[in-house]
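Reckoned from all heavy atoms, side chains included, excluding hydrogens, waters and symmetry mates.
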Amino acid sequence: MDDVPSSPATPAPAPAPLPVLQADCANCFALCCVALPFAKSNDFAVNKPAGTPCGNLQQDFRCGIHTRLRDKGFQGCTVFDCFGAGQQVSQVTFGGRDWRTHPGTASRMFEVFPVLRQLHELLFYVSEALTLPAAAPVHADLRRALTETEEWTRADAEALVGLDVGALRQRINTLLLKTSELVRAKVPGRKKNHRGADLMGARLSGADLRGANLRGAYLIAADLTRADLRTADLIGADLRDTDLRGADLREAVFLTQPQLNAAQGDPTTRIPPSLTRPTHWT
């Protein structure tokens, strides 16, 4: 009896692509301008409660003062980044139904947006961790965390509202801490530990902060001109008005676009190639 050739194995389905982790305002229903609250301060010219459209928002979901936000006292808007959560909520979770045309979606959409924003931020950090060779010992766990978090971004609105995103953040943060330790361990010598430190206005010009732990540090208006921040862990560091002119941020760990947007820099500031030089830097 002739051998019957076996059927080729069915290929495994390709994993779903990660959501885009950069804001695409053209495909978002201005969720950051409506869902989130802001208080009158140096960052915002007025008070606005959550769920209320900003007074500068136009009917086409565009900002009426987009090119003059800083001049009009809305610096906070130029700093914020949703990591792509806005278009994910608008086009995926709610299938392109906007809150004006479908007002019944509004309250739920505004609840979901902050949850998706946190999920996308976690995807950003985990994706970066997976690019770091020094973190290879935790790459398998990071890939599992990436898959779980990505699956949540495709969940429906009811599931997302019920998600304990804080617990998920805590589990992933353990992996990010280990990633940071592994990366910074490659830097020779004793590393500075400023985790959660109050360094507001600190004079750190020219400081060697390679491999430093700056997680959650308050660096508001600090002078970091010409500082070397390569492989420093900057997750959660507050860089509002931090002077980064001439600083070296290449290979800084967990640096985000909103952090750069909040800081001051110039053409000599060196940043990771994955991030964009803010337009207000001179």
Whether the side chain of [X] engages the backbone of [Y] through a donor-acceptor N/O pair (distance < 3.5 Å, no angle test) should be reported.
X	Y	value
Gln118	Arg169	no
Thr52	Lys48	no
Arg277	Thr269	yes
Arg62	Ala30	no
Glu251	Thr231	no
Glu111	Val161	no
Gln88	Pro19	no
Thr174	Gln170	yes
Thr242	Leu219	yes

Rounded to the nearest 0.5 Å, what separation is found between the [atom1] atom of [X] and the [atom2] atom of [Y]?
X	Y	atom1	atom2	value
Thr147	Leu142	OG1	CG	11.0 Å
Asn173	Leu122	CG	CG	9.0 Å
Ser90	Met109	OG	CE	6.0 Å
Asp233	Leu209	CG	CG	12.5 Å
Leu204	Thr225	CG	OG1	9.0 Å
Asp141	Arg171	CG	CZ	11.0 Å

To check you understand the geometry: which heavy-atom pair defines the closest contact between [X] and [Y], and what is its length?
X	Y	result
Asn27	Gln91	O-NE2, 3.0 Å
His139	Leu132	NE2-O, 3.1 Å
Thr282	Pro267	O-CD, 2.6 Å
Ala23	Cys82	CB-SG, 3.9 Å
Ala135	Ala129	CB-O, 3.9 Å
Asp81	Pro258	CB-CG, 3.3 Å

[X] with [Y], same ILVMFWY side-chain cluster at under 4.5 Å:
X	Y	value
Leu130	Leu21	yes
Leu69	Val46	yes
Phe113	Phe124	yes
Leu249	Val79	no
Tyr125	Leu177	no

Within-4.5 Å side-chain heavy-atom neighbours: [X] and [Y]:
X	Y	answer
Thr256	Phe83	yes
Asn42	Gln75	no
Phe80	Leu36	yes
Phe61	Trp99	yes
Leu244	Leu229	yes
Leu163	Leu119	yes
Thr149	Val126	no
Arg270	Arg230	no

Please check if the number of heavy atoms outside [X] that lie under 6.0 Å from its [atom1] is greater than 12.
X	atom1	answer
Arg250	CZ	yes
Glu148	CD	yes
Asp60	CG	yes
Arg245	CZ	no
His280	NE2	yes

> Between Arg100 and Asp98, is there a side-chain N and carboxylate O pair less than 4.0 Å apart?
Replying inline: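 A salt bridge is absent here (no side-chain N lies under 4.0 Å from a carboxylate O).
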> Between Arg154 and Glu150, is there a side-chain N and carboxylate O pair less than 4.0 Å apart?
Replying inline: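 Yes.
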>> Considering only residues two or more places apart or on different chains, which pairs with a residue in residues 183-204 satisfy side-chain hydrogen bond (donor to acceptor under 3.5 Å, both in side chains)?
In response: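 Those involving residues 183-204 are Ser180-Arg184.
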>> Which residues pass the salt bridge (charged side-chain N to carboxylate O under 4.0 Å, His left out) test with Asp208, not counting sequence neighbours?
In response: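 Checked Asp208 against salt bridge (charged side-chain N to carboxylate O under 4.0 Å, His left out); matches are Arg210.
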>> Thr93 vs Leu160, test: side chain to side chain contact (heavy atoms under 4.5 Å, CB included). Steps then yes/no.
In response: CA-CA 10 Å; Thr93 313; Leu160 286 165; 4.1 Å; yes
> Side chains of Asp43 and Ser41: do they bring a donor and an acceptor to under 3.5 Å?
Replying inline: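 No donor-acceptor contact under 3.5 Å links the two side chains.
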> Going by atom types alone, do Arg97 and Thr105 pair a side-chain donor with an acceptor below 3.5 Å?
Replying inline: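 Side chains of Arg97 and Thr105: no pair found under 3.5 Å.
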> Parallel, tilted or perpendicular: which describes the rings of Phe38 and Phe44, with under 30° parallel and over 60° perpendicular?
Replying inline: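 Phe38 vs Phe44 ring planes: parallel.
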